[in-house]
Enquirer: 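Starting off with a structure, shown below.
Letters go in sequence order (proteins before strands), and every chain restarts at 1.
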Amino acid sequence: MFDSLNDQQKKAVEICDKNLLIIAGAGSGKTKTLTYKIAYILKNNLAKPWEILALTFTNKAADEMKDRVANILDTSIDNFYIGTFHALSLRFLRQIGKKYTIYDKHDQEMLVKEIITYLNLDKNKFQPSKVASYISKIKNSSNLEFPTKEFERIYKIYEEKLESNNAVDFDNILIKFIEELKNNDKLRQNFQNQFKFILIDEYQDTNNIQYELIKEFYNGDNRIFAVGDEDQSIYAFRGANINNILSFSNDFLPCEIIKLEKNYRSTKNILNIANTIITHNKTRIGKNLYSDISGVEPVIKEFATNKDEAYFVSNQIKNILMQNDNSSVAVLYRNNNLSRIFEEYFMQFGIAYKKIGAHKFFDKKEIKDILSFIKIAYNEKDDVSFIRSIGNFGGIGLKTIDDIKKIAIDLNTNLFIAASTLTQKKYAKVARFIEFVKILQKKLEFGNISECLKFVFDEVFSDKNFYRQDIRQSNIDELIEFAKNMDIESFMENASLYDYSQSIDGENNLSLPNVSLMTIHAAKGLEFDHVFIVGLNEGILPSLYQDSVIEEERRIMYVGITRAKKTLYLSYYLSDFHNSFIPSRFLKEIAVNKTQLKRYRIGETINHKDFGKGIILNVKEKPLELKVNFFKYGLKILTENDIF
DNA sequence: ACACTAAACTTTTTT
DNA sequence: AGTTTAGTGT
């Protein structure tokens with residue numbers, strides 16, 4: 001059964017007495033190697049299934065690994081510990097009796113917003129979404145440095161609130177678990193002894209907290225097998241630390257590094273482009289991906305507008321599907337707002353497609369609204385869910401909620417308790433709300449969540465037009481169906497951690513369309529016969545957003561390109577009717593067939609980070625020199641170095 | 001005091 | 001697409 005592995009893969013599978021860092025280039029059979037390694041360990045009786053811990057980055061990757069292990073072993077996989085860092089940590093926390101409400105990004109922002117209003121801070125200066133992501137960044141970095149005093153206060157109150165709400169955000173799931181391990185030697189040793197082999201997928205995307213967790217599991221006797229590719233590290237914005245992979249061989253001794261460099265996915269031509277681009281990066285271990293597959297030359301296309309681009313892509317897809325119905329096709333972009341125009345044209349062209357990511361099932365308003373009642377019944381201290389549910393109950397407005405908040409501060413308690421003290425006649429509606437939640441709590445104890453959801457819908461939402469629209473109604477039905485036969489704990493976990501929309505996967509389902517629309521981030525780990533990477537403009541890819549780092553943007557480009565098996569189309573447009581654009585610098589780095597790609601054209605508008613918008617009056621290539629008339633700052637000469 | 005509506009604005013990427 | 005805001009209506 002191990003005959004189908006190449007020499008490097010075989011080495012990676014068979015070496016079990018050392019820690020291993022497997023540098024797995026795109027399409028080099030990473031998942032295959034990991035799953036065969038698990039099979040090898042079991043066949044040779046090196047460990048029992050429950051002594052293997054496999055940590056993945058996404059639920060999709062966990063599901064795929066489960067499937068493939070089950071396939072090659074031909075047994076049930078119930079005994080394996082395969083899952084995301086977050087899902088497994090939560091599960092272990094539950095095993096020791098720790099239960100929390102999980103705050104997703106949205107809940108987090110609501111909490112931050114409450115704190116900002118409470119502190120009377122300027123809402124424009126402190127945007128909840130920015131503050132929330134900054135909080136996560138701080139938690140993920142080792143040194144706690146706050147930009148301002150106000151920020152430090154927000155952060156402190158935020159952490160206190162999580163504690164008093166009996167809630168955890170995504171980061172805290174891991175932090176809480178690490179705390180438990182640190183404070184309880186017996187518990188830690190149990191885990192260390194149990195997990196003889198720890199496999200970590202996508203190691204390049206682990207952050208400091210995840211790294212710390214791995215350290216807690218490691219006792220020097222068990223073995224860590226980390227698989228990763230520094231060139232595919234694209235989650236720095238979420239705290240991923242590329243140094244984890246770069247310094248693996250110092251952290252876990254004895255250690256061996258194995259590189260998987262043979263690519264089984266893409267044609268030579270496609271790989272050439274990927275290799276050419278990525279060699280511009282300095283932060284890398286370095287590898288040389290190669291392929292035996294020959295194929296056609298990738299296509300680079302310029303369009304006047306994004307509409308022209310969408311038209312061309314749609315037309316091309318139509319042709320591809322006419323030639324071979326079974327081909328898989330993907331249109332990939334840097335950010336989700338680029339998808340809309342493709343959806344429009346796909347409709348016009350009659351192309352069936354699926355859009356991945358973007359709007360998650362559990363982020364939908366109707367779902368969150370109903371869920372907030374279950375959450376407040378599950379955990380009275382959950383102030384975020386309190387505010388959402390009471391606001392939807394009907395007959396209770398902002399003024400009343402404000403009164404409750406004030407009482408909660410006075411009594412130093414949560415909103416639910418504060419609301420329970422209101423017995424005056426004018427607060428009769430509040431009393432009814434409290435009563436309703438208590439009934440719900442009784443029903444929840446009974447265990448049938450589906451029925452509880454239906455109860456909430458019937459009592460609170462069924463007479464409101466918004467929730468009676470067909471799409472929302474069917475989403476609600478789906479939620480009720482989803483909850484069937486689930487216990488409250490796993491329901492809560494699934495609702496918070498699982499991206500339900502991504503799990504409706506087309507691979508085994510022939511009735512779903514073969515054309516996918518998604519961000520490059522969402523496409524990571526996937527492959528398609530034909531790939532279109534669109535919107536390859538400066539300012540889109542690379543994004544040139546505030547903290548965007550050019551090497552990471554280049555890796556995103558690299559990940560996109562290496563999704564393609566047979567054909568690859570790279571395209572950009574010059575205008576989207578609001579702004580004008582120039583082609584991505586990454587296209588210039590390729591320079592296929594001496595393709596004439598000018599980054600700058602006379603007469604174009606550019607957007608400079610310091611000087612704002614301006615019109616290009618003159619362009620000199622080699623060395624690059626731009627004469628630009630900026631709207632605010634007037635005439636400037638820019639050289640290569642001060643352009644970005 | 002609250003419900004409802006229309007218009008404006010928000011967003012890189014996500015466990 | 002969802003949330004916020006301002007304005008109107010009950």
Side-chain angles (χ1 to χ4, degrees), chain A residues 55-62 83-90 102-106 108-110 113 117 123-124 127-130 132-133 136 140 168-174 201-202 205-207 209-210 233-240 332-340 355-360 362-369 388 391-403 426-427 429-430 463-466 469 471-472 475 493 496-499 501-502 518-524 535 539-549 552-553 555-557 559-560:
Chain A
L55 296 163
T56 63
F57 195 63
T58 62
N59 291 297
K60 207 163 62 181
T84 62
F85 278 88
H86 294 86
L88 284 172
S89 296
L90 197 72
I102 300 164
Y103 281 177
D104 64 14
K105 196 185 171 225
H106 193 270
Q108 238 185 89
E109 284 172 16
M110 297 305 277
K113 213 170 98 188
T117 14
K123 276 180 198 152
N124 297 316
Q127 281 175 34
S129 61
K130 298 235 167 88
S133 67
S136 175
N140 277 296
V168 285
D169 60 20
F170 284 133
D171 298 317
N172 275 24
I173 295 173
L174 305 191
D201 193 17
E202 307 277 12
D205 285 326
T206 51
N207 61 29
I209 299 173
Q210 289 160 334
S233 169
I234 56 173
Y235 284 93
F237 71 91
R238 209 174 69 193
L332 308 180
Y333 34 79
R334 176 67 174 87
N335 60 53
N336 275 310
N337 358 337
L338 276 104
S339 73
R340 242 190 72 188
K355 192 167 131 190
I356 311 284
H359 298 291
K360 292 178 194 158
F362 283 99
D363 282 347
K364 293 178 194 293
K365 177 176 161 55
E366 62 273 25
I367 301 298
K368 275 203 162 291
D369 284 341
R388 190 172 190 124
N392 277 317
F393 190 65
I396 301 162
L398 291 174
K399 176 75 179 62
T400 308
I401 296 175
D402 232 40
D403 293 346
K426 67 170 182 168
Y427 293 123
K429 285 259 170 63
V430 176
D463 59 341
K464 292 186 177 148
N465 285 329
F466 177 86
Q469 292 170 40
I471 311 165
R472 309 194 198 275
N475 284 334
E493 179 190 328
S496 325
L497 292 182
Y498 207 86
D499 184 355
S501 65
Q502 288 202 10
M518 67 184 96
T519 63
I520 298 175
H521 282 82
K524 195 161 149 213
I540 295 180
L541 210 184
S543 83
L544 305 179
Y545 207 72
Q546 276 170 0
D547 356 315
S548 94
V549 177
E552 172 131 332
E553 296 294 315
R555 288 192 290 266
I556 295 170
M557 178 82 177
V559 168

Enquirer: Kindly say if A:Ser129 contacts the phosphate of B:dT11, meaning a side-chain N or O under 4.0 Å from OP1 or OP2.
Expert: yes

Enquirer: Expressed as a whole number of angstroms, how long is the span from A:Gln210:CD to B:dT14:P?
Expert: 16 Å

Enquirer: May I have the distance from A:His106 (atom NE2) to B:dT15 (atom C1'), rounded to whole angstrom?
Expert: 17 Å

Enquirer: Does a side-chain N or O from A:Arg472 land closer than 4.0 Å to OP1 or OP2 of C:dA1, or not?
Expert: no

Enquirer: Name the stems with DNA chain B in them: runs of three or more consecutive Watson-Crick or G-U pairs, distances under 3.5 Å?
Expert: B:1-10 with C:1-10

Enquirer: Stacking check: are the rings of A:Phe237 and B:dT13 less than 5.5 Å apart at their centres and under 30 degrees in tilt?
Expert: yes

Enquirer: Are any of A:Thr519's side-chain N or O atoms less than 4.0 Å away from OP1 or OP2 of B:dT12?
Expert: no

Enquirer: Can you see whether A:Tyr235 has A:Lys524 sitting over its ring - NZ or CZ less than 6.0 Å from the centre and within 45° of the normal?
Expert: no

Enquirer: Between A:Tyr333 (side chain only) and A:Ser339 (backbone N and O only), is there a donor and an acceptor less than 3.5 Å apart?
Expert: no

Enquirer: Any side-chain heavy atom of A:Thr519 sitting closer than 4.5 Å to one from A:Leu332?
Expert: no

Enquirer: I want to know whether A:Phe85 and A:Phe57 have ring centres closer than 6.0 Å.
Expert: no

Enquirer: Please report, rounded to the nearest Å, how far the P atom of B:dT14 is from the CZ atom of A:Arg555.
Expert: 17 Å

Enquirer: A side-chain contact here means heavy atoms from C-beta on lying under 4.5 Å apart; do A:Thr400 and A:Tyr427 qualify?
Expert: yes

Enquirer: For A:Phe85, report the nucleic acid contact type (base, sugar-phosphate, nothing); a contact means any heavy atom under 4.0 Å.
Expert: nothing

Enquirer: Without decimals, in angstroms, what is the distance between A:Gln127 CD and B:dT10 P?
Expert: 7 Å

Enquirer: Is the distance from the ring center of A:Phe237 to that of A:His521 below 6.0 Å?
Expert: yes

Enquirer: Please tell me if A:Asn336 has a side-chain N or O lying less than 4.0 Å from either OP1 or OP2 of B:dT13.
Expert: yes

Enquirer: In whole angstrom, give the distance that lies between atom CG of A:Leu338 and atom P of B:dT12.
Expert: 13 Å

Enquirer: Can you find a pair of side-chain heavy atoms, one from A:Lys368 and one from A:Arg388, that are under 4.5 Å apart?
Expert: yes

Enquirer: Between N or O atoms, less than 3.5 Å apart, protein on one side and nucleotides 2-4 of chain B on the other: list the pairs.
Expert:
from: B:dC2; atom 1: OP1; to: A:Gly397; atom 2: N; distance (Å): 3.4
from: B:dC2; atom 1: OP1; to: A:Thr400; atom 2: OG1; distance (Å): 2.3
from: B:dA3; atom 1: OP1; to: A:Gly395; atom 2: N; distance (Å): 2.3

Enquirer: Just how far, in rounded Å, is C1' of B:dA1 from NZ of A:Lys429?
Expert: 10 Å

Enquirer: Find which nucleotide of DNA chain B each of A:Ala87 and A:Ile540 is nearest to by heavy atoms, and output the residue with the more 5' nucleotide.
Expert: A:Ile540

Enquirer: Rounded off to whole Å, could you give me the CD1-to-C1' distance for the A:Ile556 and B:dT12 pair?
Expert: 8 Å

Enquirer: Take the protein atom NZ of A:Lys60 and the nucleotide atom P of B:dT15, then report the distance between them rounded to whole Å.
Expert: 9 Å

